[in-house]
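Single-structure report; data block below.
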Amino acid sequence: MNKEIKIIECPRDAMQGIKTFIPTKNKVSYLQALLRVGFDTIDFGSFVSPKAIPQMQDTAEVLAKLDLSNTTSKLLAIIANTQGAQTAAEHEAIQYLGFPFSISENFQMRNTHKTIAQSLITLQEIFEIADKKNKEVVTYLSMGFGNPYGDPWNVEIVGEWTERLSEMGVKTLSLSDTVGSSTPEVITYLFSNLIPKYPQIEFGAHLHTTPNSWFEKIDAAYKAGCTRFDGAIQGFGGCPMATDKLTGNMPTEKLLSYFTSQKRTTGLNSLSFESAYNEASKLFGKFH
């Protein structure tokens, strides 16, 4: 397994649930520190309704203030509809449009106010917008590892949706553990079955975790063939709908310690990472 390990840093996910508005200049300063680290991609902001996610209302302004001249990282913006996709696609600096597609009807309605059937149409339209503007789409399969809302969920359903999305032309599919419900067994089963079956798709793991379960989750995904991992420094953020307040984003430093132990390179600059880690403590320490 010689594919490069890709680490996707998700400051947007870390910030979006914070009620107090983080000043634009503070966001810019933190993102600038992240841009020096060498992450494959930075999920930096979102073009969604300010009513839905007030924290991200200054994404365009933040982007305009970033110095991108010395970074290899690509930028990803989350969008929830075609309007957001059109706005994001106008920005030359953004390479990826990220769309959360949930296989839970309940969660899709909560997240995007659309049914699954409507969301499939939206996703097709997003592909067309991305194609015209030379962008790539990252599709997040929300509730990929389980469902707390009582909607039907099993590994076969995940497989059926992967097949459907593959037929639509999905190239990057990140299985998302929206409320931290994944187990190593389910992670292993899904990745070890889906990765060989769909060689044209790059599969990612967007895992949420408690402080005690991070190792087994990363280990299961990696050993089942996953080489694309989302994280957020110190595990800040995560889904506000998770029931356990200890459940947060996968801490990026845990990903790095795991891949160091596996003797796999991630292409990150350790000094720059340390600096960004300290910046995260300063920025998020005020709100946690």
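Source: prediction; values computed, not measured.
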Is any side-chain heavy atom of Tyr96 closer than 4.5 Å to one of Leu75?
no
Hey, mind stepping through Met15 and Leu283 against side-chain contact (heavy atoms from CB on, under 4.5 Å) and telling me if it holds?
CA-CA 10 Å; Met15 292 179 196; Leu283 179 66; 4.2 Å; yes
Quick check, are the ring centers of Phe101 and Trp161 under 6.0 angstrom apart?
yes
Do the two ring centres, one from Tyr222 and one from Phe259, sit under 6.0 Å apart?
yes
Going by atom types only, do Ser46 and Gln16 share a side-chain donor-acceptor pair under 3.5 Å?
no
Just do the side chain to side chain donor-acceptor pair (under 3.5 Å) check on Glu4 and Thr227 with the steps written out, would you?
CA-CA 7 Å; Glu4 177 198 348; Thr227 54; over 6 Å; no
Ile121 reachable from Ile129 in the ILVMFWY side-chain graph, under 4.5 Å edges
no
Answer yes or no for Lys27 and Phe21: cation-pi contact, defined as NZ/CZ to six-membered ring centre under 6.0 Å and angle to ring axis within 45°.
yes
Over 12 non-hydrogen atoms of neighbours within 6.0 angstrom of CD in Gln83
no
Which heavy-atom pair separates Ala88 from Ile79 by the least distance, and what is that distance?
CB-CG2, 4.0 Å
For Gln95 and Lys74, indicate whether the former's side chain and the latter's backbone hold a donor-acceptor pair under 3.5 Å.
no
Would you give the length of the straight line joining atom CG of Leu271 to atom CZ of Arg36, rounded to the nearest 0.5 angstrom?
12.0 Å
How far does CG of Leu256 sit from CD1 of Ile7, to the nearest 0.5 angstrom?
6.0 Å
Do side-chain atoms of Lys254 reach the backbone of Phe215 as a donor and acceptor pair under 3.5 angstrom?
no
Correct closest heavy-atom pair for Leu120 and Arg164 would be CD1-NH2, 3.2 Å
Nearest 0.5 Å, what's the CG-OG1 distance between Leu165 and Thr172?
12.0 Å
Is there a donor-acceptor pair under 3.5 Å between the side chain of Ser29 and the backbone N or O of Lys25?
no
Polar contact flag, side-chain donor to acceptor under 3.5 angstrom, Glu9-Thr252
yes
Closest non-hydrogen contact found for Val37 with Ala276 is CG2-CB, 4.0 Å
CA sep, side-chain torsions, deciding dist, call: Thr162, Leu190, side-chain contact (heavy atoms from CB on, under 4.5 Å)
CA-CA 10 Å; Thr162 304; Leu190 287 174; over 6 Å; no
Separation of Asn26 CG from Glu279 CD (nearest 0.5 Å)
9.5 Å
Strictly distance-based, threshold 3.5 Å: is any side-chain N or O of Thr209 a donor or acceptor partner for the main-chain N or O of Trp214?
yes
Between OG on residue Ser73 and CG on residue Asp40, distance to nearest 0.5 Å
7.5 Å
With a 4.0 Å cut-off, would you call Lys133 and Glu92 a salt bridge?
no
Any donor-acceptor pair under 3.5 Å from Glu105 side chain to Ile116 backbone:
yes
Give a yes-or-no answer on whether the side chains of Ser182 and Lys217 include a donor-acceptor pair shorter than 3.5 Å.
yes
May I ask you to decide if Ser104's main-chain N or O and Ser102's side chain share a donor-acceptor pair within less than 3.5 Å?
yes
Short question: side chain of Ser281, backbone of Tyr277 - any donor-acceptor pair under 3.5 Å?
yes
Verify same cluster id: Val186, Phe107 (apolar side-chain graph, 4.5 Å):
yes
If you take all heavy atoms of Ala232 and Ala14, which pair is closest and at what distance?
CB-CB, 4.4 Å
State whether the number of non-hydrogen atoms from other residues, nucleotides or ligands found under 6.0 Å of Gln262 atom CD is greater than 12.
yes
Is any side-chain heavy atom of Pro184 closer than 4.5 Å to a side-chain heavy atom of Asp219?
no
Take Leu63 and Ile94 through the test side-chain contact (heavy atoms from CB on, under 4.5 Å) and record every step on the way to the result.
CA-CA 9 Å; Leu63 181 60; Ile94 294 172; 3.9 Å; yes
Exercise: do Ser213 and Thr210 side chains pair donor with acceptor under 3.5 Å:
yes
Same apolar cluster (I L V M F W Y, side chains within < 4.5 Å links), Trp153/Met109:
no
Do any N or O atoms from the side chain of Ser119 and from the backbone of Thr115 form a donor-acceptor pair under 3.5 angstrom?
yes
Within-4.5 Å side-chain heavy-atom neighbours: Leu76 and Ile42
no
Mind checking ring-ring contact (aromatic ring centres under 6.0 Å, His included) for Phe145 and listing every partner two or more places apart, or none if nothing turns up?
none
Please examine the side chains of Thr139 and Ser174, heavy atoms only from C-beta on, and report whether any two atoms are closer than 4.5 Å.
no
Between Lys114 and Asn81, which heavy-atom pair has the shortest distance, and what is it?
NZ-CB, 4.0 Å
Does the ring center of His91 lie less than 6.0 Å from the ring center of Phe47?
yes
Test side-chain contact (heavy atoms from CB on, under 4.5 Å) on Ile78 and Arg12; report intermediate values, then the result.
CA-CA 9 Å; Ile78 295 290; Arg12 184 262 329 156; 3.4 Å; yes
Does a side-chain heavy-atom distance below 4.5 Å link Glu136 with Lys171?
no
With ring centroids as reference points, do Tyr140 and Phe99 lie under 6.0 angstrom apart?
no
Give a yes or no on whether Phe127 and Leu173 share a hydrophobic cluster (residues Ile, Leu, Val, Met, Phe, Trp, Tyr; joining criterion: side-chain heavy atoms under 4.5 Å apart).
yes
I need the minimum non-hydrogen distance between Leu194 and Gly159, along with the two atoms involved.
CD2-CA, 4.2 Å
Sub-4.5 Å side-chain heavy-atom contact between Leu97 and Val138
no
Donor-acceptor pair between Ser69 and Asp67 side chains, under 3.5 angstrom:
yes
Evaluate the criterion salt bridge (charged side-chain N to carboxylate O under 4.0 Å, His left out) for residue pair Glu61 and Lys65; output intermediate values, then yes/no.
CA-CA 7 Å; Glu61 198 184 337; Lys65 290 182 155 80; 3.4 Å; yes
Note, Pro251 side chain near Gln234 side chain (heavy atom, < 4.5 Å)
no
Would you say Thr59 and Phe44 make side-chain contact, with heavy atoms under 4.5 Å?
yes
Are any side-chain N or O atoms of Ser272 and backbone N or O atoms of Asn269, one a donor and one an acceptor, separated by less than 3.5 Å?
no
In Å, rounded to the nearest 0.5 Å, how long is the span from OG1 of Thr82 to CG of Leu123?
11.5 Å
Thinking salt bridges, do Glu202 and Arg228 make one under a 4.0 Å N-O criterion?
yes
Answer yes or no: is there a donor N or O on one side and an acceptor on the other, between the side chain of His206 and the main chain of Asp230, under 3.5 Å?
no
Is Phe236 linked to Leu207 within one hydrophobic cluster, defined over Ile, Leu, Val, Met, Phe, Trp and Tyr using a side-chain heavy-atom separation of less than 4.5 Å?
yes
